[in-house]
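Letters A, B, ... mirror the listed sequences (proteins, then strands); counts begin at 1. On a predicted model such as this, the values are computed, not experimentally measured, just so you know.
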Protein chains: 2
Amino acid sequence: MTVDADPLTATFAALADPTRRAILARLTRGEATVGQLAEPFDVSLPAISKHVKVLQKAGLIEQTRRAQWRSCRLRPEPLRDLATWMEQYRDFLGDSLDRLDQYLTDLQKGDRS
Amino acid sequence: MTVDADPLTATFAALADPTRRAILARLTRGEATVGQLAEPFDVSLPAISKHVKVLQKAGLIEQTRRAQWRSCRLRPEPLRDLATWMEQYRDFLGDSLDRLDQYLTDLQKGDRS
DNA sequence: CCCATACTTTCCTGTATAGTTAATTAACTG
DNA sequence: CAGTTAATTAACTATACAGGAAAGTATGGG
């Protein structure tokens, strides 16, 4: 993957790492600082910092600065785009996408994105 | 990504390439040989052959040999696993829709009854 | 049997990524 | 203002991946 890949590619690339997926999953339970995100993992803080940066570049999270802490939180757009991308496989997959599809149907009616 | 990554990681990594995603999309329209898959792209056949191998290793496609042709077709499991993985973000994505989403959800309930 | 067809594999190059430690930036604290 | 805390950046290593050219492997046809 090149540095400035298209958004979907950046999203998939960002998610192609268990540590980054774990970070995302952690963030569904609320905001966290980089240090807090690093805790469960057996890697250095700089390593986590870089993972956070990748997630940020993909638009999956955003950071807000509060004093010397950087609070991270999830952003929905890339995951929605992923769901949209998956739609093209709905017929092929059959009804296993039903819940996802239902969500997207709602989304399309109400959201201009 | 390491060579023998977990299935989800392999799936995301396989999808983190526009050429491979295009190959998958092509296969929703039916089986195709490696040569046919290569046609729309401006890369060598070996390059496509390698992409196909990555998709295969991720379980996204399977190849069956017919004479000297390798016919490729989609396999559903990895995409279903992806949809399952996404389920954990459903609440988060839903919540981001605010009142408008709620309105549309209500509206849809009304349509159905 | 030899040759064409359809791929795949090997070898090579350039670039990207994950991780490390050490140094740096930034903001608060006494 | 010196020191501590939080996190990023820099420099480096090691591995992975995309791509091409060239050689290798099957398979079927004349």
- [ ] May I ask you to say what Thr33(B) touches in the nucleic acid, namely base, sugar-phosphate or nothing, with a heavy-atom cut-off under 4.0 Å?
- [x] sugar-phosphate

TODO: Return the set of residues passing side chain to side chain donor-acceptor pair (under 3.5 Å) with Gln88(A) (not counting sequence neighbours), or none when no residue passes.
DONE: none

Open item on the list: For a quick test of reading the model: is some side-chain N or O of His51(B) closer than 4.0 Å to OP1 or OP2 of dG19(D)?
Closed with: yes

Task: Where protein sits on nucleotides 20-30 of chain C, one letter per nucleotide: B base, S sugar-phosphate only, - none, heavy atoms under 4.0 Å - done: BBB---SBS--

Task: Spacing between Ile23(B) atom CD1 and dC7(C) atom C1', to the nearest angstrom - done: 14 Å

TODO: Report the distance from atom CZ of Phe41(A) to atom P of dA18(C), rounded to the nearest whole Å.
DONE: 14 Å

- [ ] Take atom NZ of Lys53(B) and atom C1' of dT10(C), then tell me their distance rounded to the nearest Å.
- [x] 10 Å

- [ ] Would you please classify the geometry between the Phe12(A) ring and the Phe12(B) ring as parallel, tilted or perpendicular, with 30° and 60° separating the classes?
- [x] tilted

- [ ] Using whole Å, report how far CG of Leu55(B) lies from P of dT8(C).
- [x] 12 Å

TODO: For the residue pair Thr84(A) and Asp81(A), confirm or rule out a side-chain donor-acceptor distance under 3.5 Å.
DONE: no

- [ ] Using distance alone, with no hydrogens and no angle criterion, decide if Arg66(A) and Thr33(A) have a side-chain donor and acceptor under 3.5 Å apart.
- [x] no

Task: Nearest-angstrom distance from the residue atom CG of Asp17(A) to P of dC17(D) - done: 12 Å

Task: Over 12 foreign heavy atoms within 6.0 Å of CG, Asp6(B) - done: yes

Open item on the list: Regarding Gln36(A), tell me which of base, sugar-phosphate or nothing describes its non-hydrogen contacts under 4.0 Å with the strands shown.
Closed with: nothing

Open item on the list: What I want to check is whether the side chains of Thr9(A) and Arg21(B) have a donor and an acceptor closer together than 3.5 Å.
Closed with: yes

